[in-house]
Amino acid sequence: MRHVVLFHSVHGLRPAVRAAADRMRAAGHRVVTPDLYGVPAVDTVEEGFGLLEKIGHEVVLDRARAALRELPAQTVLAGFSMGAGVAGALLAERPDTAGLLLLHGTGGAPEAARAGLPVQLHLADPDPYDAPDEVDEWQRAMSGAGADLTVFRHPGAGHLFTDPDLAEYTPDAAAATWPRVLAFLAAP
């Protein structure tokens with residue numbers, strides 16, 4: 001059983017994030033899904049970026065830190081897209097984290113990764129927000145830092161391919177993702 005914090009995408013705390021948390025809970029994990037915006041989720045990425053700009057990146061990070069305050073040091077940091085970036089940004093502050101689970105976006109500076117840190121990335125290929133050469137460089141740097149990194153690229157998938165309420169939902173990629181996520185969380 002793991003403790004997991006699952007941060008939402010720029011869209012806000014959507015049903016897909018809650019459903020992902022429920023999948024993890026059904027597998028025996030304790031999962032929290034903080035609302036980093038404090039307002040209802042939106043349907044378009046443009047609206048999401050508008051919310052992020054209005055709320056501010058530092059406020060989002062402060063809310064994420066607050067959500068982690070009462071959680072064990074070994075909590076898995078996880079996130080969807082922007083939330084993957086939030087999880088990665090907090091990695092340096094949480095050196096004892098049990099793992100870094102990145103859905104729909106890279107996150108985490110390689111210099112913050114400790115040797116053996118379990119990291120799993122699920123990404124559309126290509127992804128409109130993470131250029132392939134940038135992902136390759138991040139992957140080399142994380143592996144070079146000693147992270148135990150596994151990357152799953154999903155050719156032809158939409159960016160938020162696990163969110164069934166968005167046009168970019170890609171059922172085959174989503175179906176392949178969840179067993180891998182659960183195996184990652186179950187690993188010792």
Side-chain angles (χ1 to χ4, degrees), residues 2-11 14 16-17 19-21 23-24 27 29 31 33 36 45 60-61 64 68 74-163 166 168-188:
R2 300 264 190 207
H3 284 78
V4 181
V5 62
L6 181 59
F7 299 117
H8 60 73
S9 74
V10 75
H11 289 265
R14 294 180 49 79
V17 176
R23 284 177 188 264
M24 295 174 195
H29 306 290
V31 186
T33 54
L36 302 177
V45 70
V60 166
L61 286 175
L68 282 164
Q74 296 80 22
T75 297
V76 172
L77 302 173
F80 278 67
S81 189
M82 176 200 80
V86 170
L90 297 177
L91 181 60
E93 299 171 23
R94 308 263 315 174
D96 294 329
T97 187
L100 186 60
L101 175 60
L102 307 170
L103 301 158
H104 314 293
T106 59
E111 59 271 13
R114 69 174 188 278
L117 174 70
V119 180
Q120 190 176 88
L121 168 65
H122 297 267
L123 193 65
D125 186 19
D127 187 277
Y129 301 101
D130 286 294
D133 57 332
E134 292 172 7
V135 174
D136 292 343
E137 177 58 33
W138 176 86
Q139 185 173 350
R140 282 190 295 276
M142 287 297 273
S143 294
D148 181 8
L149 175 65
T150 305
V151 175
F152 296 101
R153 295 184 191 210
H154 300 274
H159 174 65
L160 282 168
F161 59 83
T162 62
D163 189 331
L166 295 176
E168 51 206 16
Y169 176 61
T170 311
D172 292 345
T177 297
W178 298 119
R180 293 169 175 162
V181 165
L182 295 178
F184 175 79
L185 293 175

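Just the heavy atoms: all of them, side chains too, but no hydrogens, waters or symmetry mates, feed the values below.
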Any [X] side-chain heavy atom under 4.5 Å of [Y] side chain:
X	Y	result
L160	H11	yes
Q120	V181	yes
D127	V135	no

How far apart are the C-alpha atoms of T106 and E134, what are their side-chain angles, what is the distance that settles it, and do they pass the side-chain contact (heavy atoms from CB on, under 4.5 Å) test? CA-CA 9 Å; T106 59; E134 292 172 7; over 6 Å; no
Hey, could you give me the [atom1]/[atom2] distance between [X] and [Y], rounded to the nearest 0.5 Å?
X	Y	atom1	atom2	answer
Q139	L149	CD	CG	5.5 Å
L123	W138	CG	CH2	9.0 Å
H29	L6	NE2	CG	12.5 Å
D130	H104	CG	NE2	11.5 Å
R23	L185	CZ	CG	12.5 Å
Y169	T162	OH	OG1	8.5 Å

So, the side chain of [X] versus the backbone of [Y]: is there a donor-acceptor pair under 3.5 Å, distance only?
X	Y	answer
T150	D148	no
H159	P128	no
T97	T75	yes
H122	F152	no
R2	A187	yes
W178	A20	no

What are the two closest heavy atoms between [X] and [Y], and how far apart are they?
X	Y	result
F184	L101	CE2-CB, 4.0 Å
R94	L77	CB-CD1, 4.3 Å
L117	G99	CD1-CA, 4.0 Å
A173	A157	CB-CB, 3.9 Å
A89	L61	CB-CD2, 4.0 Å
G107	L100	O-CD2, 3.6 Å

May I ask you to say whether D136 pairs ionically with R153, meaning some side-chain N is under 4.0 Å from a carboxylate O? yes
Starting from the C-alpha separation in whole Å, work towards a yes-or-no answer on side-chain contact (heavy atoms from CB on, under 4.5 Å) for V119 and M142. CA-CA 9 Å; V119 180; M142 287 297 273; 4.0 Å; yes
Could you list the residues that satisfy salt bridge (charged side-chain N to carboxylate O under 4.0 Å, His left out) with R14, not counting sequence neighbours? D43, D163
List for me each residue that meets ring-ring contact (aromatic ring centres under 6.0 Å, His included) alongside F7, sequence neighbours excluded, and say none if there are none. none
